[in-house]
Amino acid sequence: MPTSALCRTALTAVLAAALGATTFLGTAQARPQAPQRSHPAPGPRIERISTAADGTQADGASGEAVISDDGRQGAFSSKAHNLGCGKGGTRCLFVKDLRTGALTTVGYLDNLDHWAPMVISGDGSHVGYSEGSHSPWGYVYDRTSGTTVRIAPADPPPDASQTELLAFDRHARHLAFRAGNRYGPNEGLYLYVRDTATGADRLVSGPEDGSKTAAQLSGDGRRVAFATRATADRPGGVYVADVRTGARVRADRGLGTAALVRLSADGRSVVLTAQGGTYVRDLRTGRLRRVADTPAVTAGPQAREVLLSTAQGLSLLDVRTGRTTPVAPAGSTAQPGAVGARGRGVVFTSAADGLVPGDTNAAADVFVRLPK
């Protein structure tokens, strides 16, 4: 499912990146090396992370990156042949330890697959993605065991023939996924939250709310925020529900058409985009604040930092102080899940070739911006 900034030249000078189980083995590449740095610590820096474990640059495009809350693990996709991808259009999914440089293959996507971006748990222990040639399914990769499990309702509704993984809580004790049919109006009609310890699925929202377009879990998995798609006969909305009781509140009241950006890890606030800007709703008091006149691309786990995208590039806004920090040059992109806790790491995709030394592959790469 958040986006002030310096031009590329200035940035380069200053910062200079249930339940059929199917088991796959994660493939760890040898001789890990830390990501390539723009300049030594201490100060803000940019590192390229879409490289082989030994630091060799990828010979193809990479993108769609997410980062764990602690900034330790980053996941991304790539079509680089020298990383084992790209043949016949195959895209690889990787997770990388941003301290050691160790690179592990999570999965592969065929050229004809329908797929959704990856998600990562707050502690980086699990990576999720969705793919399939006709009826996509959600999958969860466990970094500890190296196994992958397909996600499906234990008792699937008759009009549900696919799933999409949407979110984890901090330790992947809970996950949120939607189920439906990709054909016609039935896509994502059912939203579930699964307790991964017991395997029990709880239906949070059914067809009466329409298709679900996004979801976010609180850090403990007790609350889930979700958005529904507007149709000709039904307005869309953003809601926050108590998973156990089913009680819910309307998070976007007074905003008209809105989109969900992030539910904070403590479940106390939600970030939304509406009316050409970004808002934060305090769910305890109901207070609504407009924090930016630009729609956010994504937000950090505590909803204290939001990532903005403008013609000048990506920038990180501290919603408490109003301070904006440049992150990436014009033309850079990011996706939901790209900001770590307290902004300690922001991942993004850029085709710029001056962010780190030795970038000569003439392809889009994944970078992480670190505060120090």
Side-chain angles (χ1 to χ4, degrees), residues 17 21-37 47-87 90-110 113 115-131 137-151 165 167-168 170-173 175 196 335 337-338 340 344-349 361 363-368 370:
T22 307
T23 302
F24 306 91
L25 292 180
T27 304
Q29 298 193 9
R31 301 189 308 277
Q33 177 175 305
Q36 297 174 346
R37 296 181 176 180
E47 300 176 356
R48 181 165 56 169
I49 66 174
S50 55
T51 63
D54 62 2
T56 301
Q57 67 180 343
D59 62 4
S62 303
E64 294 92 27
V66 293
I67 193 169
S68 59
D69 290 356
D70 61 6
R72 174 71 185 264
Q73 307 294 331
F76 64 94
S77 70
S78 181
K79 285 190 172 183
H81 287 261
N82 65 333
L83 298 183
C85 325
K87 297 180 180 180
T90 301
R91 183 181 294 268
C92 298
L93 306 180
F94 297 106
V95 61
K96 190 169 209 175
D97 187 311
L98 302 185
R99 293 183 186 173
T100 69
L103 186 71
T104 301
T105 303
V106 172
Y108 299 91
L109 304 176
D110 183 79
D113 280 356
W115 66 289
M118 287 183 288
V119 295
I120 192 168
S121 60
D123 62 2
S125 63
H126 292 72
V127 179
Y129 61 97
S130 305
E131 64 91 17
W137 294 94
Y139 295 87
V140 174
Y141 174 77
D142 184 327
R143 292 183 53 250
T144 300
S145 67
T147 59
T148 299
V149 176
R150 191 178 79 162
I151 302 301
L165 189 64
F168 292 109
R170 176 163 177 76
H171 299 295
R173 169 63 190 267
L175 59 85
T196 59
Q335 69 172 43
R344 63 175 58 137
V346 181
V347 288
F348 63 92
T349 302
N361 63 358
D365 285 301
V366 173
F367 301 88
V368 59
L370 300 167

Pairwise side-chain contact, Q73 with D97, heavy-atom cut-off 4.5 Å (strictly under) | yes

Looking at side-chain heavy atoms only, is the closest gap between R72 and R99 below 4.5 Å?
-> yes

Heavy-atom pair of closest approach, residues [X] and [Y]:
X	Y	answer
F94	M118	O-CE, 4.3 Å
A58	L83	CB-CD1, 4.0 Å
Y108	G84	CE2-O, 4.2 Å
V366	A65	CG1-CB, 3.5 Å

Donor-acceptor pair, K96 side chain versus F76 backbone, under 3.5 Å?
-> no

Under 3.5 Å, is there a donor-acceptor pair between the side chain of S77 and the main chain of L93?
-> no

Could you work out, with side chain to side chain contact (heavy atoms under 4.5 Å, CB included) as the rule, every residue matching [X], not counting sequence neighbours?
X	answer
D59	A80, H81, N82
V140	H126, I151, L165, F168, L175
R170	D69

Spacing of [atom1] belonging to [X] relative to [atom2] belonging to [Y], to within rounding of 0.5 Å:
X	Y	atom1	atom2	value
W137	S130	CH2	OG	11.0 Å
T349	Q335	OG1	CD	7.5 Å
I49	F348	CD1	CZ	9.5 Å
R48	N361	CZ	CG	5.5 Å
D365	S50	CG	OG	3.5 Å

List for me each residue that meets side-chain hydrogen bond (donor to acceptor under 3.5 Å, both in side chains) alongside [X], sequence neighbours excluded, and say none if there are none.
X	answer
R344	none
D123	S121, S125, H171
S62	S78

Carefully, step by step, assess D142 and T147 under the rule side-chain hydrogen bond (donor to acceptor under 3.5 Å, both in side chains).
-> CA-CA 6 Å; D142 184 327; T147 59; 5.1 Å; no

Among V95, V119, V66, T104, side chain to side chain contact (heavy atoms under 4.5 Å, CB included) partner for V127 | V95

